[in-house]
Amino acid sequence: MDNAIEIKGLRKDYKDFSLNDISLTLPAGHIMGFVGQNGAGKTTTIRLILNMTARNNGNIKVLGLDNILDEQKIKQDIAVVFDDTFFADSWKVSEVEKAIKGFYLKWNSNLYHKYVKEFGLPIDKKVKELSRGMKMKLMLVVAMSHEAKLLILDEPTSGIDPVARDELLEILNGYVANGDKSIFFSTHITTDLEKIADYISIIHNGNIVYTGIKAGLFEQFPNVKSIDDILVSVSKRKI
């Protein structure tokens with residue numbers, strides 16, 4: 001398995017928006033930043049990868065498998081972190097594991113408690129008592145405790161203070177350090193991507209305007225100094 005995600009000719013049509021035959025590839029063992037303005041198509045793309053909505057055309061492979069035909073097998077080996085938790089507010093951190101572990105064949109309780117301790121999560125506190133940064137850490141603990149080969153993150157650092165964001169980015173860097181795990185990271189906070197992403201894909205109005213290694217992005221846009229500046233430049237295009 002050479003690629004964590006392969007998307008070819010993906011199209012999704014809505015009444016007032018379309019993904020226009022997008023293609024991108026995330027090589028295994030790397031982090032891809034998926035960036036674009038609100039409404040550009042980031043969350044729609046993620047929903048299609050997860051087979052949460054029907055596509056009009058195109059092919060998607062996740063961990064080398066067809067994302068529809070092999071959906072159940074794939075979902076044992078991936079983890080998804082959205083911009084808010086799906087845990088019940090009344091659950092304690094200690095109870096989250098009990099509620100979730102039955103869904104995963106490879107659940108590792110030792111890893112769960114190891115990460116809870118390492119990330120400084122209070123085991124007896126309820127989810128509703130945690131800060132947003134702590135909630136995101138808890139989501140990552142769950143994601144990492146069944147040894148997912150691919151993490152798909154949709155705006156996980158939005159609304160988190162800079163210190164907590166740096167802590168989360170450090171966790172993500174550590175997760176891919178061995179080269180056998182990958183991360184697809186959707187965000188509008190481009191400074192996060194400049195710190196950890198190996199690959200960048202930029203989407204604008206449902207079109208991929210760049211996908212490839214991060215260094216190649218700045219070669220294509222030689223007169224700008226940051227990903228944020230590139231987004232501003234792209235936003236002025238009539239696509």
Side-chain angles (χ1 to χ4, degrees), residues 4-5 26-34 46 50 62-63 74-187 189-199:
I5 297 175
L26 168 59
H30 295 281
I31 299 175
M32 173 175 280
F34 189 45
I46 288 175
L50 298 173
V62 179
L63 303 174
I74 287 169
K75 287 185 175 177
Q76 285 293 321
D77 287 324
I78 68 172
V80 184
V81 176
F82 291 108
D83 64 350
D84 200 3
T85 62
F86 56 80
F87 309 133
D89 283 345
S90 59
W91 290 351
K92 293 181 179 179
V93 171
S94 59
E95 295 171 331
V96 169
E97 182 192 18
K98 297 174 185 176
I100 300 297
K101 67 180 182 180
F103 293 101
Y104 297 102
L105 299 175
K106 297 179 183 177
W107 185 267
N108 188 323
S109 290
N110 290 332
L111 270 183
Y112 181 84
H113 290 283
K114 172 179 175 286
Y115 289 135
V116 164
K117 184 176 181 180
E118 284 184 2
F119 299 170
L121 295 174
I123 195 75
D124 291 324
K125 270 198 174 183
K126 294 181 179 180
V127 170
K128 65 182 179 183
E129 298 173 323
L130 302 177
S131 68
R132 176 165 171 76
M134 287 284 192
K135 288 178 181 178
M136 289 299 104
K137 284 185 180 181
L138 181 57
M139 292 280 282
L140 285 174
V141 166
V142 170
M144 295 159 65
S145 293
H146 67 277
E147 303 185 44
K149 297 177 183 177
L150 170 66
L151 298 185
I152 297 177
L153 313 176
D154 191 11
E155 301 282 359
T157 58
S158 178
I160 297 176
D161 68 77
V163 173
R165 276 184 20 224
D166 283 344
E167 290 176 349
L168 289 173
L169 295 179
E170 186 176 345
I171 291 167
L172 296 177
N173 257 332
Y175 195 68
V176 299
N178 290 335
D180 59 348
K181 296 180 176 68
S182 314
I183 296 175
F184 187 73
F185 188 159
S186 168
T187 184
I189 304 175
T190 58
T191 53
D192 290 349
L193 302 181
E194 289 171 357
K195 292 177 180 177
I196 69 167
D198 307 303
Y199 291 78

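Computed over heavy atoms, backbone and side chain alike; hydrogens, waters and symmetry mates excluded.
Shortest non-hydrogen contact noted between Asn108 and Glu147 is ND2-OE2, 3.5 Å.
Using a 4.5 Å cut-off on side-chain heavy atoms (C-beta onward), Lys126 and Asp89 make no contact. The side-chain heavy atoms of Leu151 and Val81, taken from C-beta on, include no pair separated by under 4.5 Å. Contact check for Glu167 versus Lys137: side-chain heavy atoms found under the 4.5 Å cut-off. Side-chain contact between Tyr104 and Gln76 is present, with at least one heavy-atom pair separated by less than 4.5 Å. Side-chain atoms of Thr187 and Leu153, non-hydrogen and from C-beta on, never get closer than 4.5 Å to each other. Within the 4.5 Å cutoff, side-chain heavy atoms of Tyr112 are placed close to those of Val93. A 4.5 Å side-chain heavy-atom check between Asp166 and Lys195 finds at least one atom pair inside the cut-off. Considering only heavy atoms from C-beta on, Ile152 stays 4.5 Å or farther from Phe82 through its side chain.
Shown are Leu168, Ile183, Leu169; of these, the side-chain contact (heavy atoms from CB on, under 4.5 Å) with Ile196 is made only by Leu169.
For Lys75, the NZ atom sits in a packed shell: over 12 heavy atoms of surrounding residues, nucleotides or ligands are nearer than 6.0 Å. For Glu170, the CD atom sits in a loose shell: 12 or fewer heavy atoms of surrounding residues, nucleotides or ligands are nearer than 6.0 Å.
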Extract all donor-acceptor atom pairs below 3.5 Å that involve side chains of residues 114-123 and protein atoms in other chains or at least two apart in sequence.
unit_1	atom_1	unit_2	atom_2	d
Lys114	NZ	Glu118	OE2	3.0

